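Worksheet: one structure, shown below.
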Amino acid sequence: KQEVTQIPAALSVPEGENLVLNCSFTDSAIYNLQWFRQDPGKGLTSLLLIQSSQREQTSGRLNASLDKSSGRSTLYIAASQPGDSATYLCAVRTDFGNEKLTFGTGTRLTIIP
Amino acid sequence: DTGVSQDPRHKITKRGQNVTFRCDPISEHNRLYWYRQTLGQGPEFLTYFQNEAQLEKSRLLSDRFSAERPKGSFSTLEIQRTEQGDSAMYLCASSTNLVRLAGHEQYFGPGTRLTVT
């Protein structure tokens with residue numbers, strides 16, 4: 001059974017700093033991995049999707065990496081802004097025939113102005 | 001807005017009542033998913049459709065839950081005889097397996113928050 005863990009559960013950093021969020025998964029036979037952002041009481045916004053054959057994806061100030069063999073992904077946020085404050089969730093799709101995403105519990109990020 | 005939409009956004013009901021939620025996926029997306037999220041947790045998979053066929057159901061989906069996607073477009077999720085433990089955010093997502101459109105990325109709606117009193 002796939003299990004996804006995100007550490008830390010909460011993180012506070014001053015505005016302008018670069019930061020890294022971590023995601024680990026127990027079954028390395030994944031099809032893809034997605035990073036999402038969730039604002040309080042809202043739905044999920046997809047940030048980045050990494051296919052199992054890829055090592056990283058970039059979008060603006062965000063960079064996500066994937067190391068399948070070690071069961072890890074990181075989300076790097078450059079030059080953090082107060083608007084980046086949210087909960088960040090990672091989710092894995094285990095294999096091609098299995099459509100469901102398995103989510104971690106998220107990291108609640110607070111950027112201090 | 002061409003994103004995933006859900007209705008209603010909030011629902012308060014008394015224990016024992018039936019409730020129904022609706023999800024409209026992104027047009028051209030042939031896959032539709034339902035997830036449930038409780039406070040402080042990540043979403044948990046409930047079920048998914050490819051076109052009108054329900055292809056996978058989680059063990060979380062008890063007999064009181066039923067989902068349909070009759071014409072392969074919008075979907076409904078019904079909960080019968082609601083219990084307090086059903087209180088959660090119900091999230092809908094859609095995707096496509098047509099490579100030219102997207103790489104199986106799931107796009108989520110705003111969710112329906114259910115409170116059972």
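Side chains are part of it too, since the values below use all heavy atoms of this structure and drop only hydrogens, waters and symmetry mates. Fair warning: this is a prediction, and the values are worked out from it, not measured in the lab. Letters A, B, ... mirror the listed sequences (proteins, then strands); counts begin at 1.
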query = Could you give the distance from CG (Leu46(B)) to NZ (Lys100(A)), rounded to the nearest 0.5 Å?
reply = 10.5 Å
ask   = Just how far is it from atom OG of Ser95(B) to atom CZ of Arg93(A), taken to the nearest 0.5 Å?
value = 7.0 Å
Atom group of Gln37(B) that falls short of 4.5 Å from chain A, counting heavy atoms = side chain
Flag if over 12 foreign heavy atoms under 6.0 Å of [atom1], [X]:
X        : atom1 : answer
Glu68(B) : CD    : no
Lys57(B) : NZ    : no
Arg61(A) : CZ    : yes
Leu60(B) : CG    : yes

request  = For Glu105(B) and Ser46(A), test the side chains for any donor-to-acceptor distance below 3.5 angstrom and give the result as yes or no.
outcome  = yes
Look at the side-chain heavy atoms of Ile, Leu, Val, Met, Phe, Trp and Tyr, link any pair under 4.5 Å apart, and say whether [X] and [Y] land in one connected group.
X        : Y        : answer
Ile50(A) : Tyr31(A) : no
Phe36(A) : Leu91(B) : yes
Tyr48(B) : Phe74(B) : no

query = Do Phe103(A) and Tyr35(B) have their ring centres less than 6.0 Å from each other?
reply = yes
request  = Please determine, among Pro43(B), Gly111(B), Gly42(B), the option with the most heavy-atom pairs under 4.5 Å with chain A.
outcome  = Pro43(B)
ask   = Top residue by heavy-atom pair count (under 4.5 Å) with chain A, among Met89(B), Gln41(B), Arg9(B)?
value = Met89(B)
key: Part of Gln38(A) lying under 4.5 Å from any heavy atom of chain B   = side chain
task = Below 4.5 Å from any heavy atom of chain B, which atoms of Leu101(A) appear? Answer side chain, backbone, both or neither.
result = both
